[in-house]
Amino acid sequence: MNLIDGKKIAAQLRNKLKVEVDSIQKKFNRVPGLTVILIGDFAPSQIYVRNKEKSAKEIGLRSEIVKYPKDVQEKTVLNKIDELNKDDDVSGILVQLPLPDHIDKQKIIERINPEKDVDGFHPHNVGNLSSGYESSVPCTPLGCYLLIKEIEPNLSGKKAIVIGRSNLNGKPMAQLLLKENCTVTITHSKTKDLKNECNKGDIVIAAVGIPELVKGDWIKKDAIVIDVGINKTEKGIIGDVAFEEVSKVAKALTPVPGGVGPMTIACLLKNTIDCFKRSLK
Ligand code: NAD
């Protein structure tokens, strides 16, 4: 079994992106910029945002965090987004989720200029992705896609089973695989006989949030298995895939941690640079 080393592949991607930022700096005398808006004091969000800033700076991007207390008015955040939308130094805007209940998530997402939407959540980008046009793609499924391509560059005709249908993971994942000419099945909490569906997959992507849901006998021999799940348990952080069992049948499998996770931030950096490049067109 090939253990898909997300840490290593993400480091390679970041190195490539750093070279790209250096050449942008030389050519245009400026660098792409990422601004993250962080609302409240939710601990995991604080950690994610700190890591995003650190990684952005490491590859030479301009990076900024705008912090608000959890009782900030929605209007204040919307006004800030308007300001960032007009700022040429800002290539990418990300509003860290989840948001406090009094703030309308959809309104916030739709206020971001789609050309600066590094999360790929704006309906314009969702539509562009599903139409097969150029767009920002949500970072986690983009990371999964790049990992799959490392193992199998030609995905045409492969059967892919996506478990989970969230806007964040399952749906964009399915679109990316469809674009690669996979035959894609999206499964979810109401799917009947999930084991039988998974057994058909040359590629299985689990993005559910249930520890070790996917068992060894759900997986076809030599399938590629990507585990998006991050579940805090007594055993520590584990994925949606029963690692030991599945590693005996799969051709390639991502570990948790160290698989998909590191790719997510690397893809955010990639999206920021891609937004900058598109802004030059
Ligand atoms: P979500 O709760 O929005 O969606 C979960 C999906 O799983 C839903 O579509 C639901 O229908 C499906 N589901 C629930 N129970 C099921 C069952 N028994 N069988 C089949 N499908 C079922 O979650 P999400 O935001 O997509 O995140 C999924 C997991 O990925 C979580 O563990 C989350 O922490 C993790 N995650 C990881 C990263 C990363 O960078 N590695 C990023 C985002 C999310």
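Each ligand, and each atom within it, is numbered from 1 in the order the structure gives. Atoms considered below: every heavy atom in the structure, side chains included; atoms not considered: hydrogens, waters and symmetry mates.
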Determine whether I39 and Q96 make a side-chain contact, defined as any pair of heavy atoms from C-beta on separated by less than 4.5 Å. no
N113 vs I93 side-chain heavy atoms within contact, under 4.5 Å: no
Can you tell me the protein heavy atom closest to [atom] and the distance?
atom: atom 9 (O) of ligand 1; value: R165 N, 2.8 Å
atom: atom 26 (O) of ligand 1; value: S166 OG, 2.6 Å
atom: atom 21 (N) of ligand 1; value: H188 C, 3.2 Å
atom: atom 10 (C) of ligand 1; value: S189 N, 4.0 Å
atom: atom 44 (C) of ligand 1; value: N169 ND2, 3.5 Å
atom: atom 19 (N) of ligand 1; value: L194 CD2, 3.6 Å
atom: atom 13 (N) of ligand 1; value: V208 CG1, 3.6 Å
atom: atom 37 (C) of ligand 1; value: V228 O, 3.1 Å

Have S130 and Q175 got a donor and an acceptor in their side chains that come within less than 3.5 Å? no
Donor on one side chain, acceptor on other, T264 and T140, under 3.5 Å: yes
Could you pull out, from D240, T191, I210, I230, the option with a heavy atom nearest to atom 39 (C) of ligand 1? I230
Heavy-atom proximity to atom 31 (C) of ligand 1 ranks first, among P44, P141, G209, for G209
Under a 4.0 angstrom heavy-atom cut-off, which atoms of ligand 1 come close to [X]?
X: G164; result: 6 (C), 7 (O), 9 (O), 12 (C)
X: I163; result: 20 (C), 21 (N)
X: L168; result: 25 (O), 43 (C)
X: A207; result: 5 (C), 6 (C), 7 (O), 28 (C)
X: V260; result: 41 (N)

Counting distance only, does the side-chain N/O of [X] pair as donor-acceptor with the main-chain N or O of [Y] below 3.5 Å?
X: S135; Y: V137; value: no
X: D119; Y: F121; value: no
X: S91; Y: G33; value: yes
X: D240; Y: V208; value: yes

If we set the cut-off at 4.0 Å for heavy atoms, which region of T187 has an atom near ligand 1: side chain, backbone, both, or neither? neither
Over all heavy atoms of both residues, which pair between R165 and K171 is shortest? Give the atoms and the distance, please. O-CE, 3.2 Å
May I ask you to decide whether E197 forms a salt bridge with K192, counting only side-chain N to carboxylate O separations under 4.0 Å? no
